[in-house]
Amino acid sequence: MEHRTPGVPAPAGLAIDVVMMAAGKGTRMKSAIPKVLQMLAHRPLAGHVLSTAQALHARSVVVVTGHGAAQVEAALPAFAGDTALHFVRQEPQLGTGHAVQMAVPALADDGQVLVLSGDVPLTRASTLQALVALSAGQHLALLTVDLPDPSGYGRIVREGLTVRAIVEHKDASEAQRAISEIYGGILVAPARLLKRWVAQLDQNNAQKEFYLTDVVRIAVSEGAQVVAHKAADALEVAGVNSAQHLAELERAYQHRGALALLEQGVRLKDPARIDVRGTLECGTDVDIDVNCVFGGRVVLGDGVRIGANCIVSDCTVEAGAEILPFCHIEGEGVGVRVGAGARVGPFARLRPGADLAQEVHIGNFVEVKNASLARGAKANHLAYLGDATVGERVNFGAGSITANYDGANKHRTVIQADVHVGSNCVLVAPVELGAGGTIGAGSTITKDTAAGALSVARGKQVGIANWKRPTKPSKG
Ligand code: UD1
Ligand code: MG
């Protein structure tokens, strides 16, 4: 449930084994990071492809690595879920046909092979499912798309409706270059056939590469049927080659996600000004103001309102709670809970392990880390609550902090129900404040306090009458 790729029903026919080509260098990225590990919505490009493979119930994914192979092999298992992941190396990189040849030993004979690229992140599982259905476990099926500017791509050459060949741009005649239908870089074929076809590829072409696309000609020459599914949207086959492409696909991904949220009835003030870098699950009547960034897994209950300019990750916000503008909530895998009807911000920071019960109020410039606040507790201004257990209805005064760290270890502060901590207090942990007690403003509390008592720990005020302030020597 990490990612938003909607799943499709499990395939009825042959098991799907994916070959993900990921050996290319990506020179135009001008980056030390391998291209397929560049991040889109806080997930590597190849991680998106793995999510899609999972959504298709692929039996296995064979990743063909080359440039940055060690980095790619180390990074991808975290994104494979329960799909079996295999890596094969392609060195040197002699073309897409050669890449698939390298994968052949890792592919079973009884399945169908779906060839994808690690740098094409926005293909929908439903589109691939349609392609698999068209292939019907028997035919070579190609994903194609019409492009207003097909320059650079392999052209789909047809006779009538039948596909005869894919001709790479560099090998194409003028007439072929006028064809607007291009090969999107994705195909499906029965493993047995594809293995036989890729074994016959050669390098007799303009780029002296093994072109995977030549399997079309070989299949046609054997009398096999080649079918094509035209994607409605060029984004489905769009690859990343530069920082500009990456930014464009990031926007496209976010736009898709925002439309899906609107479709569910989530009220986004502006669908162009929300970023979801993970999953965002929303109840009914959720309002999200502009410029919010969500990360990890965020769950917003019914009627939750998120103000403008909030950064929220790994957090559950329960029904009716309100996050005011400019809050930073970072659960970092540990999680943060904002209880029903709670109010947070503006300008509040909730760190991992912040656990706010119902009706808690956290105000401006308050930081909460690894601390639970029971129902109705309040810390409204300028405060730090770290490693603390705070009881019901506690009022934690402005400028007060828990001193939870002694330089080596963290210690816990326990504040029992109904305590009022005055302003500017330092609670030196470990320490426990008894129920219903009051802590005088400016106190440094180092010892447990008694229930119901007023505890004050500060210098006594002295008054020196008629005090003469020093004066500056007069000039001249
Ligand atoms: C390929 C297709 C072209 C299609 C286009 C769609 C061929 C010969 N041509 O072109 O018809 O229109 O995709 O984008 O297949 N890769 C390897 N090893 C290699 C070469 C490439 O792993 O030796 C990987 C790349 O990293 C990339 C993918 O395969 O992820 C596709 O390679 P790319 O160079 O982008 O393909 P094109 O030549 O542009
Ligand atoms: Mg190429």
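Because the structure is a prediction, the values reported are computed rather than measured. Atoms within a ligand are numbered from 1 in the order they appear, just like the ligands themselves. Position 1 is the first residue of the sequence; numbering continues from there. Basis for what follows: all heavy atoms, side chains included, without hydrogens, waters or symmetry-related copies.
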Report yes if some N/O of [X] lies less than 3.5 Å from some N/O of ligand 1; otherwise report no.
{"X": "G24", "value": "yes"}
{"X": "T213", "value": "no"}
{"X": "I182", "value": "no"}
{"X": "G154", "value": "yes"}
{"X": "T96", "value": "yes"}

Between [X] and ligand 1, which part of the residue brings a heavy atom under 4.0 Å of the ligand: side chain, backbone, both or neither?
{"X": "K35", "result": "neither"}
{"X": "Q90", "result": "side chain"}
{"X": "V120", "result": "neither"}

Could you tell me whether ligand 1 has any atom less than 4.0 Å away from a heavy atom of G95?
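Yes; G95 lies near enough to ligand 1 that a heavy-atom distance drops under 4.0 Å.
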Report yes or no: does a heavy atom of E168 sit under 4.0 Å from some atom of ligand 1?
yes
Nearest non-hydrogen partners of A106 and V88, listed with the distance:
CB-CG1, 4.2 Å
Which atoms of ligand 1 sit under 4.0 Å from any heavy atom of Y211?
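What qualifies from ligand 1 is 8 (C).
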Show me which atoms of ligand 1 lie under 4.0 Å from any heavy atom of A22.
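Answer for ligand 1: 22 (O).
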Can you see whether [X] engages [Y] through a side-chain donor-acceptor pair at a distance of less than 3.5 angstrom?
{"X": "R43", "Y": "S51", "answer": "yes"}
{"X": "H98", "Y": "E209", "answer": "no"}
{"X": "T213", "Y": "E168", "answer": "yes"}
{"X": "Y405", "Y": "D387", "answer": "no"}
{"X": "K35", "Y": "N241", "answer": "yes"}
{"X": "E332", "Y": "S313", "answer": "no"}

Is the ring centre of F79 less than 6.0 Å from the ring centre of H48?
no
